[in-house]
Asks: 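Dropping the structure in here first, questions after.
Atoms within each ligand, like the ligands themselves, are counted from 1 in listed order.
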Amino acid sequence: MKILIVGSGGREHAIAASVAKSPKAEEIFCAPGNAGIAALATCVPIGALEFEKLAEFVKEKEIDLTIVGMDDPLAGGIVDYFEKESLRIFGPNQAAAVLESSKAFSKDLMKKYNIPTAAYENFENAGDALAYIETAKMPIVLKADGLALGKGVLICNTKEEAREGVKTIMQDKKFGMAGNKMVVEEFMTGREVSVLSFVDGKTIRIMSSSQDHKRAEDGDKGLNTGGMGTFSPSPFYTKEVDEFCRKHIYQPTVDAMAAEGRPFKGIIFFGLMLTEDGPKVLEYNARFGDPEAQVVLPRMKNDMLEVAEACIDGTLDQIELEFEDNAAVCVVLASEGYPVKYEKGYEIEGLSCFEGKEGYYCFHAGTKFDGNHKIVTNGGRVLGITAKGATLKEARENAYKASEWVEFGNKYMRHDIGKAIDEA
Ligand code: AMP
Ligand code: GLY
């Protein structure tokens, strides 16, 4: 098979590495890709939102299957576009991708189908939201309705902060159109767990659990980022939690989407909070998490192409997912200053250290070739260094060891990825 992967981050590199292991994969393309993905795939300079050009490329190269890594093209209807052109593509159509692209939709869905989540109200104008805040209990969480690169969530401790927050989202439109609507929800406490799944419209298959570290600085301080590191599995995701979620969250979500006339095919990412009252849904994403994919996919034993095709064909009930009985940790190497302001263009040294090292991965996110065939930094998150180990502690040690193999200007990382493991 010939495969096209759409996207350019660490997640897409992890997807490409997983696809490359499949005996069915003859040739892999990635649009637009990055300098690391280029070692596994032919990168083509077409943007993820250029549906027409992507479809033309797929026809020209006779590509059999397109896999979409990112949220924007899914929310924009890339799947609908490809299906109209009779091209095979893995991911939810626009009607189903709304599970991620509208938080108001997802909250209403959970309420209607009794799926556990934080209590909330949706608002379409700032006046109503402000009036509500005067009577609400603090802290409170404000969420811009639409896609906001994981940054459209404000946790407000006081009414003053909440008033400011409403202004930021709905009046100043800091997150753009995403702030045309807003969800105001109850603040929950507990451990967070990410659970990725494959879905074929009716059947859902759960992958091994993981945990992200969203804040920029050690000790969960600093700004929210796309994710600074992950570990898998989560020791807090117990058998009881799993049973509860299967019964009350996973299958009910798939059934709810089907009942709404929006059957979901692709990846559902459940962002869960393990509260004192049981697991609750923080958010849904309609794609692999990044950097969650960088610890989950290297541990998956299944043939990625087989599973993706089963999702498209509606035959996922014939597949059981299998994961290695080990652990993985990913430490993100970022550019100092991320997520606000950072420099790019520094040469990355030491990448060859990963060659031939079983169980170690250097997933590229923001990297590119400069004019002289050198790989340089090209983004906030630069590399995801993943290592496996027999235990989480061993994987963490390995990942931090490997994080020292590469160097670049303004290299920045958190030093406490997986600290929670010690409390398990
Ligand atoms: P989201 O994009 O909805 O996952 O929100 C980003 C982050 O904000 C989550 O990973 C949580 O750390 C935090 N968060 C979101 N909603 C809540 C909530 N209701 N209570 C506490 N923290 C939350
Ligand atoms: N790591 C969180 C996300 O991919 O949204």
Asks: With no hydrogens and no angle check, do the side chains of Lys388 and Tyr361 hold a donor and an acceptor under 3.5 Å apart?
Replies: yes

Asks: Does the distance from a Lys or Arg side-chain N to an Asp or Glu carboxylate O, for Glu134 and Lys159, drop under 4.0 Å?
Replies: no

Asks: Out of all atoms in ligand 1, which are within 4.0 Å of some heavy atom of Lys214? Include the element for each.
Replies: 4 (O), 10 (O)

Asks: Backbone, side chain, both or neither: what part of Glu292 comes under 4.0 angstrom of ligand 2, heavy atoms only?
Replies: side chain

Asks: Heavy-atom distances under 4.0 Å decide this one: backbone, side chain, both or neither, for Lys103 against ligand 1?
Replies: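 Side chain only; the backbone of Lys103 stays clear of ligand 1.
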
Asks: Does a donor on one side chain sit under 3.5 Å from an acceptor on the other, for Thr367 and Asn378?
Replies: no

Asks: Pull out every atom of ligand 1 sitting under 4.0 Å from any heavy atom of Glu185, numbered as shown with elements.
Replies: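 Going through ligand 1 atom by atom, the ones under 4.0 Å from Glu185 are 16 (N), 17 (C), 18 (C), 19 (N).
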
Asks: When the ring planes of Phe123 and Tyr132 are compared, do they come out parallel, tilted or perpendicular, using 30° and 60° as the limits?
Replies: tilted

Asks: Between the side chains of Asp71 and Arg287, is the shortest nitrogen-to-carboxylate-oxygen separation below 4.0 Å, so that they form an ion pair?
Replies: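 Between Asp71 and Arg287 there is a salt bridge, with a charged N closer than 4.0 Å to a carboxylate O.
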
Asks: Determine, using heavy atoms of Ser194 and all atoms of ligand 2, whether some pair is separated by less than 4.0 Å.
Replies: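 Contact check Ser194 vs ligand 2: negative.
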
Asks: So if I count the atoms of ligand 1 from 1 in the order they appear, which ones are less than 4.0 Å from some heavy atom of Glu192?
Replies: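 Ligand 1 atoms under the 4.0 Å threshold to Glu192: 9 (C), 10 (O), 11 (C), 12 (O).
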
Asks: Any atoms of ligand 2 less than 4.0 Å from a non-hydrogen atom of Asn285? List them with their elements.
Replies: 5 (O)

Asks: For Gly226, take its heavy atoms, then give the atoms of ligand 2 lying under 4.0 Å from any of them.
Replies: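 Selected atoms, number and element: 1 (N), 2 (C).
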
Asks: Give the atom numbers and elements of ligand 1 that come within less than 4.0 Å of a heavy atom of Phe187.
Replies: 20 (N), 21 (C)

Asks: Taking 4.0 angstrom as the limit and counting only heavy atoms of Arg287, give me the atoms of ligand 2 inside it, by number and element.
Replies: 3 (C), 4 (O), 5 (O)

Asks: Give the atom numbers and elements of ligand 1 that come within less than 4.0 Å of a heavy atom of Met273.
Replies: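 In order of number, 21 (C), 22 (N).
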
Asks: Before accepting this row, confirm whether a basic side-chain N of the pair Arg88/Glu309 lies closer than 4.0 Å to the acidic partner's carboxylate O.
Replies: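 Yes, this pair counts.
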
Asks: For Leu282, counting its heavy atoms only, list the atoms of ligand 1 lying under 4.0 Å from any of them.
Replies: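 What qualifies from ligand 1 is 3 (O), 14 (N), 15 (C), 16 (N), 17 (C), 18 (C), 23 (C).
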
Asks: Does Arg11 come within less than 4.0 angstrom of ligand 2, counting non-hydrogen atoms of the residue?
Replies: no

Asks: Counting each atom of ligand 2 from 1 as listed, which ones have a heavy atom of Gly289 under 4.0 Å away?
Replies: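 Under 4.0 Å from Gly289, ligand 2 has these atoms: 4 (O).
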
Asks: Please report whether the ring centroid of Phe29 lies less than 6.0 Å from that of Phe57.
Replies: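 Ring-ring flag for Phe57/Phe29: true, centres closer than 6.0 Å.
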
Asks: Relative to atom 22 (N) of ligand 1, which among Ile155, Thr275, Thr189 owns the nearest non-hydrogen atom?
Replies: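 Comparing heavy atoms across Ile155, Thr275, Thr189, the nearest one to atom 22 (N) of ligand 1 lies in Ile155.
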
Asks: For a 4.5 angstrom cut-off between non-hydrogen side-chain atoms, does Phe270 reach Leu282?
Replies: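 Phe270 vs Leu282: side chains apart.
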
Asks: Would you mind listing which atoms of ligand 2 come within a distance below 4.0 Å of any non-hydrogen atom of Asp212?
Replies: 1 (N), 2 (C)

Asks: Will you find, in the side chains of Arg299 and Ser232, an N or O donor that is under 3.5 Å from an N or O acceptor?
Replies: yes

Asks: Could you tell me whether Asn224 and ligand 1 have an N or O pair separated by under 3.5 Å?
Replies: no

Asks: Does a side chain donor of either Glu397 or Tyr400 reach within less than 3.5 Å of an acceptor in the other side chain?
Replies: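 Side-chain D/A pair, Glu397 to Tyr400: absent.
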
Asks: Indicate yes or no: does Lys112 engage Asp108 in a salt bridge with an N to O separation below 4.0 Å.
Replies: no

